[in-house]
Amino acid sequence: SRQNRTREMQLIPEALARAHMRDRLHEAEQERRAIRLVTARRMQRRAERASLRARRALAMAVMQ
């Protein structure tokens with residue numbers, strides 16, 4: 001029993017390091033997701049502006 005407890009105590013730092021690494025990986029993935037979302041929104045706004053310019057140009061061409 002005492003030997004098992006000693007072994008468990010020796011494994012605690014390894015378990016903590018593993019949990020810490022898992023947390024860091026999770027944070028990194030969340031950050032990547034947030035960056036992709038910001039990029040996608042920026043691209044969507046750019047596409048919307050381009051579409052608006054194209055519609056205006058078409059309307060001007062039709063009016064002439």
Side-chain angles (χ1 to χ4, degrees):
S1 176
R2 184 175 181 173
Q3 195 174 16
N4 284 346
R5 191 172 23 240
T6 302
R7 181 78 178 129
E8 287 172 11
M9 292 293 282
Q10 289 172 345
L11 293 176
I12 287 174
E14 186 180 334
L16 286 172
R18 217 178 273 125
H20 185 72
M21 187 66 164
R22 188 173 53 243
D23 289 347
R24 297 290 83 76
L25 287 170
H26 183 68
E27 286 173 12
E29 179 58 33
Q30 283 183 319
E31 191 172 327
R32 280 192 295 272
R33 245 185 244 137
I35 290 170
R36 281 196 300 263
L37 182 61
V38 167
T39 303
R41 284 182 178 155
R42 188 180 305 131
M43 291 174 72
Q44 182 180 4
R45 283 194 303 268
R46 192 176 295 163
E48 287 168 356
R49 284 194 304 266
S51 173
L52 187 59
R53 281 194 304 271
R55 274 187 285 167
R56 284 181 184 152
L58 180 61
M60 293 296 282
V62 168
M63 290 176 78
Q64 287 180 356

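When reading the values below, keep in mind they use all heavy atoms of this one structure, side chains included, and skip hydrogens, waters and symmetry mates.
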Note: with side-chain heavy atoms under 4.5 Å as the link, the other cluster members for Leu25 come out as Met21
Determine whether Gln30 and His26 make a side-chain contact, defined as any pair of heavy atoms from C-beta on separated by less than 4.5 Å. yes
Counting only heavy atoms from other residues, nucleotides and ligands, does the tally under 6.0 Å from CD of Glu27 exceed 12? yes
Only distances under 3.5 Å count here; give the side-chain donor-acceptor pairs of residues 3-17 to other protein atoms, sequence neighbours excluded, each with its distance to 0.1 Å.
unit_1, atom_1, unit_2, atom_2, d
Thr6, OG1, Arg2, O, 3.0
Glu14, OE2, Arg18, NH2, 2.4

Could you pull out all donor-acceptor pairs under 3.5 Å where a side-chain atom in residues 41-59 meets a protein atom, sequence neighbours excluded?
unit_1, atom_1, unit_2, atom_2, d
Gln44, NE2, Glu48, OE2, 3.4

